[in-house]
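Counting convention: from 1, in listed order, for ligands and their atoms alike.
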Amino acid sequence: MINEHMPFIWYGGDYNPDQWDEKTIEEDMRLFKKAGINLVTLPVFSWAKLEPSEGVYNFEWLDEIMDKLWENGIHVCMATPTTAQPAWLSKKYPEVLPVDIAGRKRTHGMRVFFCVNSEKYRERAAAIAEEMAKRYKDHPALAAWHVANEYGTYCYCENCQRKFRIWLKERYKTIENLNEKWNTAFWGRIVYDFDEIMLPTELNDDYRFNPAIQLDYMRFVTASTKECFENEASVLRRYTPDIPVFSNISGYIKKLDQFTLTENMDCAGWDNYPTPGDPVSIPALKHDIMRALKDGKPYIITEQSPNQQNWQPYNKLKRPGEVRALAYQGIARGGDACLFFQMRQSIGGQEKFHGAVISHAGREDTRIFREISDLGAELGRLGDICLDGRTDAKVGFLFDWDNWWALELTSGPTKDMDYLAQVHKYYKAFYEKNIQTDILKVTSDFSKYKIIVAPLLYMMKEGLAEKLESFVENGGILAATYMTGLADENDRCIFGAYPGKLRKLMGLWVEETDALFPEERNSIIIRKKTKHLKGVYSSGFLCDILHPETAEVIGEYGKDFYEGTPCVTKNVYGKGAAYYLGTEPDEEFLEDFVTEICEEAGVHPLLESEGRVEICARENQKGQVIFLINHEQEPAFVKLGADTYENLLTGKTINGTLQLNSKDVAVLKKR
Ligand code: GLA
Ligand code: ZN
């Protein structure tokens, strides 16, 4: 459980009482209670108000709010306000301001706009964190510590450069080793001293800056940001060892390796802002990634929008029922907290038109307030029924930040390389069949899975090939794709034909890879019909020209000079099998392929359905709870088989077939 003393789903969100007068705050308390709010996050951006000048603190207003919230039965997820340093701090210590990739020293004014390596920043951040910890350590409202907000600044200042060199020295020990690992002999980039190493800025070069350096810089920024988190977390933990400490992750997750960043967090927390028009499998995938950060433990949905956003190109209103459906999606996939940005819509500033629980109208008779209140009441009734529940998936998706970065930093074979989009493509095929999936780190235990999908596993980390081999040897099914096994952890290519260390397991070698124009297609002609794979499918993006060694050919290319050569293969290996997809297949292929391998592995959806409906389950000591969510416009029908269930949201007993209308949700417990 995220906090043992709070055995219910956390419901509420970001609240900025420093923007409001007393009367408004009183009204907020009334409305919060009405909406079933049990927790608010504050004071995320209030550093300037809390510390008007260095070492002078002004906490009285916050004390009052804390007491008032607690009197009204509302907990506080307490943020250190260190994401937005005060102007005086930037002015007095300009070193805290970042330098951008073009070498420009930036001015004060933005949030999340500080150098994570600045000693002064860290000193002042730790000081205010300590002040807060001392002050609120025994406050009964304190539920969790939320450090800063959405880390993610890349800085290119001299201090970062200095620290990068130190970091590299620790990593590579000698300059000779670094030269070898970075392959600096290419384009004459040999360095003789760590002091000669420059940050990978735009000014230094164009897109062909050595990707190995860029890759290490991204690792370094993650390591520096992690230190920055720990700088505050260690202070907070000294005062409140039992209160969980974490930092919320931006929904845009590429910049920092979240597996590494969250290692020392007590739980994961993330901000879910799907782009209007995105398929719902995108937030589903991101939820699964978040659940993986702490190896399946519940996480906090720290933010989502109760209505439209203001910063999307087109800010669609959330349709009636959409907030509820998306909220349940998060809970169904492992979230134990359902929080919103923001509780009350601000009068001015950047996000004055961003949706809020209480809008500018300030009324309770709005659609959104009603929807939020209904959801609050419903979640209140669910209590702890699914709390701390785990997901029992039999399919794992390998996901890795270093792989993501290296793959996209690499020049060639196509400019359209988008790891997340590629992972999503394969993920969606399982999502649409309601096959539950876990996201796996390369270090995860693979043994409980029946299928592992490893899309574009470009970087083969030490020991991974052996792990995958033994997974398949023991009966697992592995599905790998083009762009597999090309490079090592330093982005140096592997000799002896791709997929390198996976060559034996895949039973083939790849000679060349053709990049297709966006509109260009090839086809996969099934040569060896299986139960579900037959006929002709379309393919695109990349085409590997490959040579099976022990693998059998399932599909061949339908055209071009490699027409008739293999593109989809299967290699029986030990008790299992490894599939290789040498080209990006269309959705029809993936649908049949997923059916095929799931049947082979004996993996089934939780329940059968007609029409599109998301089905997931969580299990805790109280047993299993199944969530059914219809995100679509059309009704869907879920077949409950011979079992009888209670729909916990309506209290009704149900069996047979359950009709779920557009945007409706059911939460089932077996009778
Ligand atoms: C982010 C931030 C919030 C707020 C929202 C608005 O996730 O963390 O402070 O700006 O976006 O969408
Ligand atoms: Zn810096």
Between [X] and [Y], is any side-chain donor less than 3.5 angstrom from a side-chain acceptor?
| X | Y | result |
| --- | --- | --- |
| D271 | S250 | no |
| K318 | N307 | no |
| E119 | Y93 | no |
| E614 | H631 | yes |
| Q309 | Q312 | yes |

Original post:
Would one find an N or O of Q309, backbone or side chain, under 3.5 Å from an N or O of ligand 1?
Top reply: no

**OP:** Write out the residue and atom name of the closest protein heavy atom to atom 2 (C) of ligand 1, then the distance separating them to 0.1 Å.
**Re:** E303 OE1, 3.3 Å

**OP:** Give the residue, atom name and distance (to 0.1 Å) of the protein heavy atom nearest atom 4 (C) of ligand 1.
**Re:** E351 OE1, 3.3 Å

**OP:** Could you grab the angle centred on the Zn ion (ligand 2), going from SG in C160 to SG in C115, to 10°?
**Re:** 100°

Original post:
So is R111 in contact with ligand 1, going by heavy-atom distances below 4.0 Å?
Top reply: yes

**OP:** Between N149 and ligand 1, find which residue part has any heavy-atom pair under 4.0 Å and reply side chain, backbone, both or neither.
**Re:** side chain

Original post:
Out of Y252, Y273, W311, who gets a non-hydrogen atom closest to atom 5 (C) of ligand 1?
Top reply: Y273

